[in-house]
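Accompanying notes for the structure given below.
Given the structure is predicted, the values throughout are model-derived calculations rather than measurements. Here is how names work: the chains are called A, B, and so on, in the same order as the sequence lines, proteins then strands, and each is numbered from 1.
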Protein chains: 2
Amino acid sequence: MATIYQVAALAGVSPATVSRVFNGRPVSDEKSKLVREAASTLAFTPNRTARSLRKQSSEVLALIIPDIENPFFTAMARGVEDRAQAAGFSVVLCNTDDDPGKEATYLQIALSENMAGVILVPASDQSDLSSIIASGRPVVTVDRTTAFDVDHVMIENEPAGASVTTALFDAGFERVACIAGPETVVTATDRARGWRHVVEARGGYDSELLLKIANYRVDGGRAAMAELLAEAETPDAVVVTNNLMGVGALQVLNEHGLTPPAFGVGVIGDLPFTTLSPGLISLVHLPTRDLGTTAVKMLVSRIAGNREPARTVLLPGELAVASVHT
Amino acid sequence: MATIYQVAALAGVSPATVSRVFNGRPVSDEKSKLVREAASTLAFTPNRTARSLRKQSSEVLALIIPDIENPFFTAMARGVEDRAQAAGFSVVLCNTDDDPGKEATYLQIALSENMAGVILVPASDQSDLSSIIASGRPVVTVDRTTAFDVDHVMIENEPAGASVTTALFDAGFERVACIAGPETVVTATDRARGWRHVVEARGGYDSELLLKIANYRVDGGRAAMAELLAEAETPDAVVVTNNLMGVGALQVLNEHGLTPPAFGVGVIGDLPFTTLSPGLISLVHLPTRDLGTTAVKMLVSRIAGNREPARTVLLPGELAVASVHT
DNA sequence: AGGGTCGCAGAAATCGATTTCACAATCAAG
DNA sequence: CTTGATTGTGAAATCGATTTCTGCGACCCT
């Protein structure tokens, strides 16, 4: 790795001039040419560590997500990556496992590595952003809210829950259950609320009896579906509030010989790797990639100096018959 | 963000002493206590940028993969994350999209960020590791080989292809086709070779007629399966050489009303998010997470100074009837 | 012709840690 | 009671870039 001093020596100029050439500050054509030639013969690339120490900021964004194995988050990460790269940033991906301790560690690392900004899917509504906010580094939260006043990108969860529930009633199902996520995650409770409103308007049964809380993962969906099937008065359809629980619920239904449309299934979130026939389940397509690109857009604008009050962007889900094909 | 100088001033010692306390070098108990107290009242955490500039190395590993949306790689990333964190490293995840240009950029970034080492799933067998090797930074390649002599972790691909093919013949199928990946990826060709050997021994037909090359993604699997079904003499079973193409093939079969076991399906690689009934397809479970943990283990040993000749570790796949449950 | 402005370029300071070096104090061995 | 080794500590150098400060020369304007 060549340094700026070696380039300067070879070009016969000062290191300051080399720096200026690489940062687009005014340098005479003559010296600029000398520097460029020297840099290319030495295969010089500026040391990012030194640069970011001096500038107190780097061209790296932190993306902190709860579960790297969830296609929802990887699709979002994909959006973040693409847009960030286009804006000249690279992305550090951190996995919290929904553990507030790990989350705190990664936020700390983002600070001490002088990262330009953070895109965070909070592990819970209790996540502590105070130190990173105090540092002045921009933060955008995605998909789940916190108590802090920061830029935020989120899906219209309640309408998503309502529309898929409506679709099931419209299809003729009469007892539509719900598998919801943990109560500390607003995304989950909002979607369940959408379901509850529709049930109260059209169901004619006590919604609480057909609501199960699960852990947002495949095994959670399996357990909740199994419980529902063991109820005295079983449902004839179910709304599942995220993709992984949807997979779990479908597995259990399958094992009981209850494949859709014999049993109504509505899922909020895409199921990119299932092999279901199209059209058999109701599904709300979520704009996951847009979630990522929007977050980067907002973050980059903050990094560029935008000081307006924090904004919240809501992206709509889209009711689709099914989207098993990629 | 407090600096080491502020801590030193508050504790009444020199910055060098503060550094020594945090790096476990001998310091008198008295001063050590003063430093610790000062550090905790100031909430001091050392600036990683400054540290890595001085030490010429950081506690960050680069993980460069072709596709962050592929569950195979995310499971591997998960293994890398867990093990790296246990060893005190954080992980930067980079997505190449199988693009050698992006790959080269990320390798360059890894160098200029002084990262401790690189775990790379090469975009192709042409990947150029010369500059990173010249720099002396350790590299471990995973899953796919290159022309360079570096540590390597890989799956026993040919036996995987052979065993799943054998399983299909044993189950009574007679014309077992194969959907293979691109020829620039050894993983793909090795698995196909395993299939070919078994077909030549037991098939009694020309293997070339039932071999399709596809792009390793869902759409590739779909296209190849569609082609196979359009052949004059159609197969009655298929071996698909990776997970995503397996999903595509199953989708197309499903659309043609040919669900297993009416049509034999063998897949090399897990299908974590499918809702298939267990036992209907033959499947080779791949130790993806182990791939990641093993790579980290090797890399960390290099970082610690291990100078032995490059090693290759082979991990076996495991024939399972199915593994749709997570 | 003298004073002011402007543009370019080098010297030196800076970012915040680690590490070398030098020195003093303590201790063990001869 | 020296001599030599060991230990703890601070001053200063260092990593490699950016940025401020400063000076030089060219140019313009009364």
Side-chain angles (χ1 to χ4, degrees), chain A residues 1-36 38-39 42-60 88 108-116 135-137, chain B residues 1-36 38-39 42-60 88 108-116 135-137:
Chain A
M1 296 287 295
T3 74
I4 204 171
Y5 297 97
Q6 296 167 348
V7 175
L10 182 58
V13 302
S14 76
T17 301
V18 178
S19 171
R20 287 191 262 257
V21 169
F22 276 83
N23 289 282
R25 306 201 181 293
V27 171
S28 70
D29 288 352
E30 180 198 8
K31 305 226 168 195
S32 172
K33 186 155 164 289
L34 284 173
V35 168
R36 270 177 230 290
L42 293 177
F44 168 74
T45 36
N47 182 308
R48 289 169 160 245
T49 305
R51 155 182 292 195
S52 87
L53 174 60
R54 178 63 233 239
K55 307 222 318 185
Q56 300 288 61
S57 158
S58 68
E59 267 72 57
V60 176
Q108 182 55 55
I109 289 181
L111 272 184
S112 79
E113 292 256 19
N114 284 330
M115 294 187 190
S135 79
R137 295 256 173 245
Chain B
M1 296 285 294
T3 74
I4 204 171
Y5 297 97
Q6 296 168 347
V7 175
L10 181 58
V13 301
S14 76
T17 300
V18 178
S19 171
R20 288 191 261 258
V21 169
F22 277 83
N23 290 281
R25 306 202 182 291
V27 172
S28 68
D29 288 351
E30 179 198 9
K31 307 226 168 193
S32 173
K33 185 155 162 292
L34 285 172
V35 168
R36 270 178 231 290
L42 294 177
F44 169 74
T45 36
N47 182 308
R48 290 169 160 245
T49 305
R51 155 182 292 194
S52 87
L53 174 61
R54 178 63 232 240
K55 308 222 320 185
Q56 300 288 62
S57 157
S58 68
E59 268 70 56
V60 176
Q108 181 56 55
I109 289 180
L111 272 185
S112 79
E113 292 255 20
N114 284 331
M115 295 187 189
S135 79
R137 296 255 174 249

- Query: Quick one: OH on B/Y5 to OG1 on B/T3, what's the gap to the nearest 0.5 Å?
  - Reply: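 Reported to 0.5 Å precision, the distance equals 7.5 Å.
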- Task: Using a 4.5 Å cut-off on heavy atoms from C-beta on, say whether the side chain of B/M1 contacts that of B/N47.
- Result: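 With C-beta onward as the side chain, the pair stays apart.
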- For the helix from C/dA1-D/dT30 to C/dG30-D/dC1, figure out the bend between the end axes, five pairs an end, and round to 10 degrees.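 Inter-axis angle at the termini of the helix from C/dA1-D/dT30 to C/dG30-D/dC1: 50°.
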Check [X] against [Y] and note the closest heavy-atom contact, atom names and distance.
X      : Y     : result
B/E113 : B/S58 : O-OG, 4.0 Å
A/Q108 : B/T45 : NE2-OG1, 2.8 Å
B/V18  : B/I4  : CG1-CG1, 3.4 Å
A/P15  : A/A8  : N-CB, 3.6 Å
A/K31  : A/V27 : CB-CG1, 4.0 Å
B/V35  : B/V7  : O-CG1, 4.1 Å

- Item | Earlier contact from the 5' end, DNA chain C, for B/A50 and A/P26 |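 Final value for this comparison: A/P26.
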- Query: Does the B/R137 side chain pair with the main chain of B/L111, one donor and one acceptor, at a distance under 3.5 Å?
  - Reply: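 Pair absent, no side-chain N/O of B/R137 close to backbone of B/L111.
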- Query: Backbone N or O of B/R25 within a donor-acceptor pair of the B/N23 side chain at under 3.5 Å?
  - Reply: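 No.
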- Rounded distance (Å) that lies between atom C1' of C/dG10 and atom CG of A/L34: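 The distance from CG of A/L34 to C1' of C/dG10 comes to 15 Å, rounded to the nearest Å.
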- Task: Starting at atom CZ of A/R25, determine the distance to atom C1' of C/dC8, rounded to an integer number of angstrom.
- Result: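 Rounding to the nearest Å, CZ of A/R25 and C1' of C/dC8 are 14 Å apart.
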- Task: Under 4.0 Å from any heavy atom of chain B: name the first and the last nucleotide of DNA chain D that qualifies, 5' to 3'.
- Result: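 First-to-last contact on DNA chain D, by the 4.0 Å heavy-atom rule, is D/dG8 to D/dG16.
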- Message: At a heavy-atom distance below 4.0 Å, what parts of residues 13-24 of chain B sit against DNA chain C?
- Response: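 Going residue by residue through residues 13-24 of chain B, the ones with a heavy atom under 4.0 Å of DNA chain C turn out to be B/A16, B/S19, B/R20, B/N23.
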